[in-house]
Amino acid sequence: MMNVEQLVIENAAWIFRKAHCYYNNDFDAEDLAGDTIEKILRNKDSYDFSRSFRPWALVIMHNTYITQFNRRQCVPFVCIDEAWSCFSDYDADLNIRLKHILRVVHQQAARSKNIECVVLYALGYEYAEISKMLGIPKGTVMSRICNGRKMLAEALNVSKC
């Protein structure tokens with residue numbers, strides 16, 4: 001009987017070709033293919049051998065691409081301590097804006113649990129990791145992140161990232 005590792009080896013060239021459908025850049029396509037293979041191997045226990053391998057791999061690749069795309073679209077979150085060290089005391093305008101943003105984040109965090117999920121996601125944690133940390137279902141984490149982003153965008157009067 002064939003195992004997932006053998007399926008990956010047999011389909012590696014196909015995975016790299018499919019990654020090029022998402023990215024014209026060779027480096028990005030190779031990253032996507034590598035991330036896809038890594039996730040396939042990490043989740044090999046959930047593979048159902050009664051089904052075809054390629055559609056399963058394509059779903060993993062597509063979801064990986066969407067995650068990468070969304071992360072590139074948003075401004076990365078920096079730790080509050082790191083944010084303060086970026087500004088000098090002479091840059092009063094930036095300090096005022098940063099204090100306003102932090103005040104809004106703290107106010108919204110007091111109003112809703114959604115902001116905690118948004119901050120954890122912005123720090124680089126995956127949905128499953130946040131789910132384990134907070135002891136809530138993965139779908140709830142995804143919903144809280146979506147709603148939390150909307151809350152922050154409305155409170156800051158900015159368009160969606």
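Fair warning: this is a prediction, and the values are worked out from it, not measured in the lab.
Checked against H62 for a side-chain contact (heavy atoms from CB on, under 4.5 Å), the options I60, V59, L58, I66 give a single hit: I66.
With hydrogens and angles ignored, the 3.5 Å screen pairs no side-chain donor or acceptor of E10 with any backbone N or O of L7. Side-chain atoms of N11 never come within 3.5 Å of backbone atoms of W14 as a donor-acceptor pair (strictly under, hydrogens ignored).
With salt bridges taken as basic N to acidic carboxylate O contacts below 4.0 Å, none links E154 and K150.
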E116 vs L120, side chain to side chain contact (heavy atoms under 4.5 Å, CB included): CA-CA, chis, key distance, verdict: CA-CA 6 Å; E116 180 181 19; L120 290 171; 4.2 Å; yes

From CA spacing to verdict: side chain to side chain contact (heavy atoms under 4.5 Å, CB included), W56, I40: CA-CA 9 Å; W56 183 66; I40 288 171; 3.6 Å; yes

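Taken to the nearest 0.5 Å, the CZ atom of R144 stands 7.0 Å off from the CG atom of L134. One finds the CG atom of D35 at 12.0 Å from the CD atom of E30 (value rounded to the nearest 0.5 Å). The CG atom of D26 lies 11.0 Å from the CZ atom of F16; values are rounded to the nearest 0.5 Å. Distance check: K18 NZ to I15 CD1 gives 11.5 Å after rounding to the nearest 0.5 Å. Note that the CE atom of M142 and the OG atom of S131 stand 11.0 Å from one another [nearest 0.5 Å]. Atoms CD and CG, on Q68 and L32 in that order, are 5.0 Å from each other to the nearest 0.5 Å.
Between Y121 and Y127, the distance separating the two ring centers is shorter than 6.0 angstrom.
Y22 places none of its side-chain heavy atoms less than 4.5 Å from the side chain of T64. Looking at heavy atoms from C-beta onward, N63 lies out of side-chain contact with K39 at the 4.5 angstrom threshold.
When the shell of 6.0 Å around CZ of R111 is examined, it contains 12 or fewer heavy atoms from other residues, nucleotides or ligands.
Considering only residues two or more places apart in sequence or on other chains, Y125 meets the ring-ring contact (aromatic ring centres under 6.0 Å, His included) condition with none of them.
A donor-acceptor contact closer than 3.5 angstrom is absent between the side chains of Q108 and N114.
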Check residues 44-52 and write down every donor-acceptor pair under 3.5 Å in which the side-chain atom is one partner and the other belongs to a residue at least two apart or another chain.
residue : atom : partner : partner atom : Å
K44     : NZ   : E5      : OE2          : 2.5
S46     : OG   : N43     : O            : 2.8
Y47     : OH   : R51     : O            : 2.7
Y47     : OH   : F53     : N            : 3.2
D48     : OD1  : S50     : N            : 3.2
D48     : OD1  : S50     : OG           : 2.8
D48     : OD2  : S50     : OG           : 2.9

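Smallest separation of non-hydrogen atoms from V118 and I145: CG2-O, 3.6 Å.
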